[in-house]
Chemist: 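Can you keep this structure in mind? I'll have questions shortly.
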Amino acid sequence: MADDWSSWGLDLHLRLDRSRGLRIGLENALRDAVRSGRLAAGTRLPSSRTLAHDLGMARGTVTQALDQLVAEGYLTSAPRSGIRVAAQPAPPPRAMPVTRSWLPPVEGSDLRPGLPDLSTFPRRAWLAATRRVLQTAPNSAFGYADLAGVADLREALAEYLGRARGVVTTPEQIVVCAGYTHALRVVCEALGTASIAFEDPCSPDHPALAARLGLAAGRLPTDASGLLIDALTDQDAVVVTPAHQYPLGGTLSPDRRTALLAWARRTGAFVLEDDYDGEFRYDRQPVGALQGMAPDQVIYAGTASKTIAPGLRLAWLAVPPALLPAMRRANAWDDSPVNSLDQLVLADLVRSGELDRHLRRCRSRYRRRRDRLGEAVARRLPGAHLSGIAAGLHAVLHVPGADERALVARLRSRDVHVDGLTSYYEVPERSPGGLVIGYATPPEHAFASALSALVTALGER
């Protein structure tokens, strides 16, 4: 039912929903009027007696409703001043657009890079490890944890990283973070006001985050052998993906590794090594971490996002001793965002060997998918070729003479989702063009149909 106030000099149309009672209906109607601005801040409301008369309610009902809105801050009440509309906070800013770092589900064939096959999540192993942790962990494990991470996980990671990735570190140098983006934020905050360089191409979110935190963020060119070291000047830090450049897929060559570390030692700069999928190499043994060659200059960043699942929000940094105090100070304000139970479970998976077994299964599965992608391209897309296929979970498909934007649009119209390579470049004109295909993303039962849909759509003329 709608009612009008008019007898007290202010015309206001209130829509009173009486289905939940008169008092609640009046409260909701007044809240809506204040929120929408129809009742401006400072507006004086009539007395409870007048309102009760105009609205046909009991005075006690009106008084209760007004008292509730005063308690909530929508109205103010003062002696001899009556009841007035309180000043309201400014409306929240408009929501930011969804960025690349979040991959919402899509209909059709999802071949976007950045995700593992989520159906491979080791549910049984995770459940068994959770049970062991709950049965054996002391009560203190569920209190406030060290802001750098639970000691058991830092010890397990220090051993695992040394064995599997050649990282030289100690548990005291490990900092556990809530995903790689959080790790990058902590590094940027520890660096303070500085200049930081990123590879070009790269995930555009990362330099944007550094710039948002006040750093001078730039891009440096890459080629098939990784970052062009001669482009480095006086930066305070540089972020690289040496094992598998993202998204091009190349490996930083040995001579450039040496030159990069020589530059870092000479200038006192830090190198942030993003080892996002270093465990997945198919044609030979994985390339060891750059950090092992210069532990005092390289910040190593690893993550469970590709090896297990991004939803765990688990990443880690192996920090040079000189930067560790600043890193801990920067991380202190985050109040250990990764819950202790998940950290203890991951530590159990590492120590029990379940993580190694899981990685071996995934390596075998992703290698087969990569091979099937290569065979399909060779058989059905004459002239096209793949690059960046020696490792990782994605490849770049090059179709000579084709317009990248038109290819992406054609695929999307057929519910096949990939990324255009150009979206990763700071200046689109620098891109050679291509499609970034995440062959790990679909669940196993959907990979064959996704691959068929991809090459069928691209083969159309």
Side-chain angles (χ1 to χ4, degrees), residues 101-102 140-162 165 167-196 198 203 205-217 236-240 268-276 289 291 295-308 310-347 350:
S101 58
W102 180 51
S140 59
F142 306 106
Y144 291 107
D146 188 319
L147 295 178
V150 172
D152 279 1
L153 179 57
R154 289 188 283 128
E155 292 168 2
L157 285 173
E159 183 277 329
Y160 168 78
L161 293 174
R165 301 297 298 128
V167 173
V168 179
T169 191
T170 66
E172 293 75 24
Q173 293 171 249
I174 299 291
V175 176
V176 179
C177 301
Y180 174 74
T181 300
H182 174 233
L184 175 61
R185 187 173 79 237
V186 172
V187 170
C188 289
E189 290 175 347
L191 292 172
T193 304
S195 59
I196 186 169
F198 293 82
S203 173
D205 284 353
H206 297 160
L209 172 63
R212 183 181 178 87
L213 292 172
L215 282 74
D236 298 294
V238 60
V239 181
V240 294
F270 289 104
V271 176
L272 174 56
E273 177 179 13
D274 178 6
D275 196 33
Y276 67 101
Q291 189 267 2
D296 292 337
Q297 300 296 143
V298 179
I299 309 161
Y300 175 89
T303 174
S305 294
K306 307 297 185 292
T307 54
I308 306 179
L312 293 178
R313 308 315 303 140
L314 271 166
W316 42 87
L317 297 167
V319 183
L323 193 59
L324 195 56
M327 194 77 72
R328 282 181 168 266
R329 286 193 299 271
N331 199 37
W333 296 104
D334 286 305
D335 195 24
S336 191
V338 183
N339 76 74
S340 298
L341 181 58
D342 283 347
Q343 294 188 54
L344 291 170
V345 171
L346 180 58
V350 173

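It should be emphasised that the depicted structure is a prediction, and the values quoted were computed from it without experimental measurement. Each residue takes its place number in the sequence, starting with 1.
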Chemist: What is the distance from atom CG of D274 to atom CD1 of I299, rounded to the nearest 0.5 Å?
Modeler: 12.0 Å
Chemist: Taking all non-hydrogen atoms of both residues into account, name the closest pair between L209 and T181 and its distance.
Modeler: CD2-O, 3.7 Å
Chemist: Once rounded to the nearest 0.5 Å, what's the spacing between atom OH of Y300 and atom OG1 of T169?
Modeler: 10.5 Å
Chemist: Could you give the distance from CG (L346) to CG (L157), rounded to the nearest 0.5 Å?
Modeler: 6.0 Å
Chemist: What are the two closest non-hydrogen atoms of A190 and A330, and how far apart are they?
Modeler: N-CB, 3.9 Å
Chemist: Treating Q343 as the side-chain partner and L153 as the backbone partner, does any N or O pair qualify as donor plus acceptor under 3.5 Å?
Modeler: no
Chemist: Looking at CD of Q173 and CZ of R154, how far apart are the two atoms once the value is rounded to the nearest 0.5 Å?
Modeler: 11.0 Å
Chemist: Could you give me the CA-CA distance, side-chain angles and deciding distance for V167 and D275, then say whether side chain to side chain contact (heavy atoms under 4.5 Å, CB included) is met?
Modeler: CA-CA 11 Å; V167 173; D275 196 33; over 6 Å; no
Chemist: Using salt bridge (charged side-chain N to carboxylate O under 4.0 Å, His left out) as the criterion, list what pairs up with E159, not counting sequence neighbours.
Modeler: R163
Chemist: Going by the rule side-chain contact (heavy atoms from CB on, under 4.5 Å), which residues pair with D236 if we only count those two or more places apart in sequence or in a different chain?
Modeler: A194, S195
Chemist: Where is the tightest heavy-atom contact between E273 and Q291, given as atom of each residue plus distance?
Modeler: OE1-N, 2.9 Å
Chemist: I need the minimum non-hydrogen distance between H182 and C177, along with the two atoms involved.
Modeler: ND1-CB, 3.2 Å
Chemist: With sequence neighbours excluded, what pairs up with A217 under the side-chain contact (heavy atoms from CB on, under 4.5 Å) test?
Modeler: I196, F198, P207, A210, A211
Chemist: Taking side-chain contact (heavy atoms from CB on, under 4.5 Å) as the definition, give me every residue that meets it alongside V271, ordered by chain and number, with sequence neighbours left out.
Modeler: V238, V240, L260, A264, L290, V298
Chemist: Any side-chain to backbone donor/acceptor pair from N331 onto V186? Under 3.5 Å, distance only.
Modeler: no
Chemist: Measure the spacing between CZ of R212 and SG of C188 and express it to the nearest 0.5 Å.
Modeler: 13.0 Å
Chemist: Show, in sequence, the C-alpha distance, side-chain angles and deciding distance for L184 and L272, and conclude whether the side chain to side chain contact (heavy atoms under 4.5 Å, CB included) test is met.
Modeler: CA-CA 9 Å; L184 175 61; L272 174 56; 3.7 Å; yes
Chemist: Mind listing the side-chain donor-acceptor pairs of residues 312-326 below 3.5 Å, one per line with the distance, residues two or more places apart or on another chain?
Modeler:
{"from": "R313", "atom 1": "NH1", "to": "P310", "atom 2": "O", "distance (Å)": "2.9"}
{"from": "R313", "atom 1": "NH2", "to": "A178", "atom 2": "O", "distance (Å)": "3.4"}

Chemist: Return the minimal non-hydrogen interatomic distance between S340 and A145, and the atom names on each side.
Modeler: OG-CB, 3.5 Å
Chemist: Which residues pass the salt bridge (charged side-chain N to carboxylate O under 4.0 Å, His left out) test with R328, sequence neighbours left out?
Modeler: D146
Chemist: If every non-hydrogen atom of Y276 is compared with every non-hydrogen atom of T303, which pair is closest and at what distance?
Modeler: O-CG2, 4.0 Å
